[in-house]
Amino acid sequence: MVQSVNIPILDLAQQYANIEAEVSDAVLKVLASGGYIGGSRVLGFEQQFGAYIGVSECVVCNSGTDALYLALRALEIGSGDEVITTPFTFFATTEVISAVGATPVFVDIDPQTFNLDIDQLATAITNKTRAIIPVHLFGQPLNMTALMALASAHQLAVIEDCAQATGALWAGQKVGSIGHIGCFSFYPTKNLGACGDGGAVTTNDPAIAAKIRMLREHGSENRYLHTQIGINSRLDALQASILQIKLRYLDTWNQQRQAIAHRYHQLLNHIPGIVIPQELSGGQGVWNQYTIRLQAGERLGALSNNYRDKVRQLLQQQGVGSMVYYPLPLHLQPVYQNLGYQLGQLPVAEQACHEVLSLPMFPELSQEPQEQVIYSLKDCLSN
Ligand SMILES: *Cc1c(COP(=O)(O)O)cnc(C)c1O
């Protein structure tokens, strides 16, 4: 057993410590201003974030979940409509499809990238299909060129779930600026995280942006006149002021994540039983997670999920944090039993759920603790 260490999967306190003076100054100014909802900081952040992503329109809201919900509502997707998406993502991606009354249709993933398998997408399109929600999972961009070609051939809307991929590029363009609508989360663990909840919708379509603004304000364009059933979804001024500061650091932080991923690639290459994440040429990922596959091989055969979970437990005993994103694919969630999917129907996603393990990944992770992670991991594998 190697010496015990303490390396978390993510260290937000360390990030705050590095920008404490700027953030606390901004927060105190907002507190003293008395303006907590809306105002110049919220509008300023909308403008800056839209410019960063490279779109003409940005509408902020309360969360990534709300951003996705508002996007579907703005496209008037609802009862009787189908939306194609991935079973290997956070539940929010499909929860909103159900929340607007539409039906999620699941297509299996690509084993290399964990993202939707675009070659299989076409087989899922029916005359009820209205949209596709691709997810740039773990910060790796999907092949948007291929996806947009397919979508336009079938006249489908594309809503990019960019919650884990703020700043990622496909063919030189930021994700969230390629599809019809981009949806972002500022949940603290995302690449651009607030100190609380937050989200944004990006688009180049002013009509969609106007509709989303109306829907996020109780379906009201003019105060006390309601033309739709909307929701209340705001990014508050405190969060906006913090995000304005953090946005200035985002590219540096993403470069640090890329350097850490590169180091992981080198340290983990050629270790039997470990499959390292692949990047598509044409894309530049931002590594919200560094997710490996642990393959039990001869060790435990079919009980591969027990193997992964055992390794994770051993790592934890040595003080190395890790997470399983995600342990159960969405087509097999209890709430979706009524959709009628069977175990074995989307085998690549199901296998990923048994094998994946996300390792410590945050911009401040320095070389020595990162090498410790690998040292511990090798030790756990040989146990
Ligand atoms: C985090 C996340 C969301 C939801 O974002 P919230 O801000 O937590 O509501 C949606 N999709 C994916 C892929 C996510 O990782």
Side-chain angles (χ1 to χ4, degrees), residues 9-10 12 45 49 58-73 83-100 104 106-107 109-110 113-116 131-142 144 147 158-168 175-176 179 181-202 212 215-216 231-236 239-240 242-243 246 254 257 277 285-291 323-331 333 335 349 352-353 356 358 361-362:
I9 185 160
L10 169 76
L12 292 173
F45 177 69
F49 190 69
C58 171
V59 185
V60 293
C61 60
N62 177 257
S63 67
T65 307
D66 279 4
L68 290 160
Y69 173 83
L70 290 164
L72 288 166
R73 285 287 312 274
V83 178
I84 299 174
T85 192
T86 166
F88 194 59
T89 175
F90 179 58
F91 182 58
T93 311
T94 64
E95 186 180 26
V96 293
I97 300 170
S98 307
V100 299
F106 295 107
V107 167
I109 59 168
D110 171 273
T113 62
F114 299 117
N115 283 331
L116 266 176
I132 304 171
I133 305 186
V135 180
H136 305 291
L137 199 72
F138 304 144
Q140 293 311 311
L142 192 101
M144 287 302 290
L147 185 82
V158 173
I159 301 170
E160 296 179 73
D161 182 341
C162 307
Q164 301 183 8
T166 310
V175 301
I181 305 181
C183 297
F184 291 84
S185 166
F186 305 125
Y187 184 76
T189 65
K190 314 292 175 161
N191 290 44
L192 178 62
C195 298
D197 276 309
V201 182
T202 54
I212 288 173
L215 287 166
R216 77 165 177 180
I231 56 173
N232 170 23
S233 188
R234 304 174 178 127
L235 183 77
D236 65 62
Q239 299 305 338
I242 294 167
L243 287 167
K246 288 194 174 191
N254 281 343
R257 287 175 184 272
V286 290
W287 302 100
N288 182 248
Q289 302 295 336
Y290 188 90
T291 304
M323 284 294 274
V324 174
Y325 303 113
Y326 296 91
L328 186 66
L330 298 185
H331 66 288
Q333 291 288 341
V335 70
C353 289
V356 288
S358 298
M361 170 55 87
F362 49 96

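Whatever order the structure lists them in is the order used to number ligands and atoms, beginning at 1. Computed from a predicted model, the values in this text were never measured in an experiment. FYI, side chains are in, hydrogens and waters are out, and symmetry mates aren't considered; it's all heavy atoms of this structure.
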Item checked: Donor-acceptor pair, side chain of S233 and main chain of N62, under 3.5 angstrom -> yes
Notebook entry, point to check: If every non-hydrogen atom of P188 is compared with every non-hydrogen atom of L12, which pair is closest and at what distance?
Noted result: O-CD2, 3.5 Å
Next item on the list: Report the part of S63 in contact with ligand 1, treating N, CA, C, O as backbone and CB onward as side chain, heavy atoms under 4.0 Å; options are side chain, backbone, both, neither.
Entry: both
Margin query: Using every non-hydrogen atom in the two residues, find where T93 and L68 come nearest and quote the distance to one decimal.
Written below: CA-CD1, 4.0 Å
Check: Are any of the N/O atoms in L68 less than 3.5 Å from those in ligand 1?
Finding: no
Margin query: Strictly distance-based, threshold 3.5 Å: is any side-chain N or O of N115 a donor or acceptor partner for the main-chain N or O of L137?
Written below: yes
Notebook entry, point to check: Going by the order shown, which atoms of ligand 1 are within less than 4.0 Å of some heavy atom of V135?
Noted result: 13 (C)
Item checked: Check against side-chain hydrogen bond (donor to acceptor under 3.5 Å, both in side chains), N191 and N288 -> CA-CA 6 Å; N191 290 44; N288 182 248; 2.8 Å; yes
Next item on the list: Considering the heavy atoms of T89, write down every atom of ligand 1 situated less than 4.0 Å from one of them.
Entry: 13 (C)
Margin query: Among C162, S185, A92, C183, which one puts a heavy atom closest to atom 7 (O) of ligand 1?
Written below: S185
Checklist line | Per atom 1 (C) of ligand 1, closest listed option by heavy atom (E95, Q289, K190) | finding: K190
Next item on the list: Start with the C-alpha distance between F106 and T85, add both sets of side-chain angles, then the distance that settles side-chain contact (heavy atoms from CB on, under 4.5 Å), and finish with yes or no.
Entry: CA-CA 5 Å; F106 295 107; T85 192; 4.2 Å; yes
Notebook entry, point to check: If every non-hydrogen atom of G179 is compared with every non-hydrogen atom of M144, which pair is closest and at what distance?
Noted result: N-CE, 3.9 Å
Next item on the list: Number the atoms of ligand 1 from 1 as they appear, then name those within less than 4.0 Å of a heavy atom of G64, with their elements.
Entry: 5 (O), 6 (P), 7 (O), 9 (O)
Notebook entry, point to check: What atoms of ligand 1 come closer than 4.0 angstrom to any heavy atom of A163?
Noted result: 2 (C), 3 (C), 10 (C), 11 (N), 12 (C), 14 (C), 15 (O)
Note to self: Side chain or backbone, does Q164 bring an N or O within less than 3.5 Å of an N or O on ligand 1?
What the structure shows: yes
Checklist line | Within-cut-off N or O pair, D161 and ligand 1, under 3.5 Å | finding: yes
Notebook entry, point to check: Shortest non-hydrogen contact from C58 to F49?
Noted result: SG-CD2, 3.9 Å
Check: Taking N or O atoms only and a 3.5 Å limit, does Y326 qualify as a polar contact for ligand 1?
Finding: no
Next item on the list: Distance to 0.1 Å, residue and atom name: give those for the protein heavy atom nearest to atom 4 (C) of ligand 1.
Entry: T65 OG1, 3.6 Å
